[in-house]
Chemist: 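What follows is a single structure, and I will ask about it in a moment.
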Amino acid sequence: MDSLGFFIDTGGKEDISPIEEELTVEALVEDEVMGAKDAQTEAKQRNRARTERSLSTFLFGKTADIVEEQEEDSDSEDDEAVSEGDYESDSEDEDKENEVQPVSVQPSLPEDTFGAALSLSSGKRKRKAAWVDKEDTEVLVKDVTATYNKAVGKHGEKETSIEQYGKALTRKFKSVVGEPAWASLDKDEDADSDDEFLRETTDLVEKKGRVENLQKGTLQFRKLKDLNYTTHKEGAVVRSTEFHPTSTVGMVAGNNGTVSLFQVDGKENPKIQTVNFQNFPIKTAKFSASGNEFIVGSQHHPHFFVYDMMIGKSIKVPVKTTEHNTQKFEVSRDGKLIAFVGRFGFIHIISARTKEFLRSFKMNDPCLALKFSPDSSSLYTTGEGGEVYIWDLRSSSCLHKFADSGCLAGTAVAVSQHHLATGSSSGVVNVYNVNNINRGTTAYPQPDKVILNLTTQIEDLVFNPSGEILAMSSMEKEGAVKLVHFPSTTVFSNFPGTFNLGRANTLSFSPGGGYFGVGNNKGAANLYRVNHYQQY
């Protein structure tokens with residue numbers, strides 16, 4: 001029998017030289033450092049992936065992919081999967097696609113983000129209503145009809161209809177008004193939405209390198225759908241196009257006494273509200289400085305109407321018993337005063353807050369046009385005598401009066417921070433330095449620039465908010481609208497282009513200068529987008 005040997009481990013160690021021991025210690029330290037660096041790097045990658053995933057969700061919403069977070073820790077290797085209940089698949093096709101898609105720790109973008117532009121075949125996400133009242137599904141048409149107190153038993157099929165009342169109202173609204181674009185859940189985006197998205201984002205990226213001042217020569221603009229595209233029922237002649245001072249809302253008023261408010265989006269410009277003033281042909285309509293109300297005047301009545309948009313009520317306000325019309329007026333920018341053109345050279349000043357008569361100014365000749373200064377401290381008026389009056393609203397006195405060079409009858413006036421523009425019955429527009437004019441050193445000043453691009457009577461003159469563009473028009477000739485660049489005082493050669501504007505009656509700029517409106521004699525309020533100005 002073979003003998004068995006027993007070996008007992010006494011815990012002894014082999015003899016290791018000091019050099020080998022030192023190298024071994026350094027290797028262990030290095031491994032610990034490398035392991036810490038690897039853990040730190042892995043933690044950074046996980047944080048980065050989490051940040052990118054949250055950013056993707058913020059920009060594009062929750063995607064249909066089921067994203068699983070795989071976090072490997074040194075202590076545990078448990079995988080935490082995102083609950084499938086947090087994401088709802090848009091269609092059965094997307095569910096099938098999701099089953100075969102590989103799961104990645106990196107956030108995935110929705111497949112149809114740029115699908116329309118690249119012609120990719122992918123399922124489109126169906127929008128969902130932001131809020132749904134479950135109790136609406138329980139209300140039927142017959143239940144509502146049973147609550148009627150009038151004409152009981154004479155409502156026909158409504159008394160027995162089991163259709164949901166909400167669906168019935170939606171169907172009736174669509175048949176009368178149509179479906180608003182913002183309320184459509186299945187409507188595809190416009191064909192040019194991607195192009196416009198890329199164009200606008202490109203403009204924002206290149207904004208830093210853009211020259212701040214408007215360049216002369218040619219104007220970059222786009223013709224949009226008419227401001228009253230959804231109605232065209234304000235009358236055969238559009239007398240006023242105005243932009244709300246604080247909101248993206250436009251107003252169109254015509255000679256049939258109708259005022260319509262629109263949401264300015266440049267695509268459809270959906271109608272917000274229509275107000276009709278019976279037997280009151282509107283000549284001028286203006287928003288108040290606060291934007292809470294608008295004022296309309298007529299050439300056939302000695303009173304005007306104030307419509308309060310907060311309460312939806314109109315108020316009739318007489319001017320004076322001696323006046324026969326309220327066809328032309330202006331509202332000061334500080335929202336304190338309203339100036340009406342009266343007969344025999346009178347200008348009546350009314351409080352914009354209380355609508356009470358304050359005082360009157362008197363010119364030597366009938367007044368035809370007036371305009372407040374940008375700081376609302378002065379009032380500029382002109383008329384048949386070809387003279388321009390400057391009135392001080394604080395002292396209620398005439399500061400200065402001068403003869404407009406070469407003018408037989410002044411028909412329009414506009415004021416900016418640096419320039420004063422006057423239009424005459426012969427189509428001549430004179431441009432003065434407003435600071436030199438206010439000094440009152442001479443009664444016969446010479447204009448800094450004489451603009452002769454229009455040959456018929458000037459109907460309207462308007463500066464844009466920055467004072468870089470002067471719009472001028474004449475209603476006696478088709479397409480007689482010109483835009484003048486400042487301070488070069490040269491006319492933009494490419495406006496209005498080949499589009500037929502008709503006979504322009506009114507001009508207006510939006511508060512930020514981004515939109516330009518022209519009302520004509522064809523019942524249209526033409527809308528333009530001035531690309532240089534990014535704001536509304």
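In what follows, residues are counted from 1 in the order of the sequence shown. Treat the numbers as computed from the prediction; the structure is a model and nothing was measured.
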Chemist: Could I get the full list of side chain to side chain contact (heavy atoms under 4.5 Å, CB included) partners for I315, not counting sequence neighbours?
Modeler: V317
Chemist: Could you tell me if S510 and Y533 have a donor-acceptor pair between their side chains, going purely by distance under 3.5 Å?
Modeler: no
Chemist: Do F361 and Y389 have ring centroids that are under 6.0 Å from one another?
Modeler: no
Chemist: Less than 6.0 Å separating the ring centroids of F221 and F516?
Modeler: no
Chemist: Atom CG in L399, atom CG in N438: separation rounded to 0.5 Å?
Modeler: 7.5 Å
Chemist: Could you give all pairs that pass the salt bridge (charged side-chain N to carboxylate O under 4.0 Å, His left out) test and reach residues 232-254, with sequence neighbours left out?
Modeler: E242-K286
Chemist: Would the number of heavy atoms belonging to other residues, nucleotides or ligands and lying under 6.0 Å from CZ of R343 be above 12?
Modeler: yes
Chemist: Side chains of N325 and V341: does their closest heavy-atom pair fall under 4.5 Å?
Modeler: no
Chemist: Got a sec, which residues hit side chain to side chain contact (heavy atoms under 4.5 Å, CB included) with S493, two or more places apart in sequence or on another chain?
Modeler: T218
Chemist: Between Y536 and Y515, how do the two ring planes meet: parallel, tilted or perpendicular, split at 30° and 60°?
Modeler: tilted
Chemist: Who passes side chain to side chain contact (heavy atoms under 4.5 Å, CB included) against D226, sequence neighbours left out?
Modeler: K223, N228, Y229, H232, A524, N526
Chemist: Restricting to side-chain hydrogen bond (donor to acceptor under 3.5 Å, both in side chains), what partner residues turn up for Y432, sequence neighbours left out?
Modeler: D404
Chemist: Mind jotting down which residue pairs meet the salt bridge (charged side-chain N to carboxylate O under 4.0 Å, His left out) criterion with at least one end in residues 485-508? Sequence neighbours excluded, please.
Modeler: E478-R503
Chemist: When rounded to the nearest 0.5 angstrom, what is the spacing between CD1 in I338 and CD1 in I295?
Modeler: 3.5 Å
Chemist: Applying side-chain hydrogen bond (donor to acceptor under 3.5 Å, both in side chains), name anything that partners T441, two or more places apart in sequence or on another chain.
Modeler: none
Chemist: Are the ring centres of H348 and F340 closer than 6.0 Å?
Modeler: no
Chemist: Considering only residues two or more places apart or on different chains, which pairs with a residue in residues 486-498 satisfy salt bridge (charged side-chain N to carboxylate O under 4.0 Å, His left out)?
Modeler: none
Chemist: Any salt bridge (charged side-chain N to carboxylate O under 4.0 Å, His left out) involving residues 354-382? Give me the pairs, sequence neighbours left out, ordered by first then second residue.
Modeler: E293-K355, E330-K371
Chemist: Can you give the donor-acceptor pairs under 3.5 Å from side chains of residues 450-459 to other protein atoms, not counting sequence neighbours?
Modeler:
residue, atom, partner, partner atom, Å
T456, OG1, S474, OG, 2.5

Chemist: To the closest 0.5 Å, what do you measure between CZ (F280) and NZ (K316)?
Modeler: 9.0 Å
Chemist: Run the side chain to side chain contact (heavy atoms under 4.5 Å, CB included) test against N436 and tell me which residues pass, sequence neighbours left out.
Modeler: N433, R439
Chemist: Under a 3.5 Å threshold, yes or no: a donor from one side chain and an acceptor from the other, between Q263 and T248?
Modeler: yes
Chemist: Got a sec, which residues hit side-chain hydrogen bond (donor to acceptor under 3.5 Å, both in side chains) with H485, two or more places apart in sequence or on another chain?
Modeler: S488
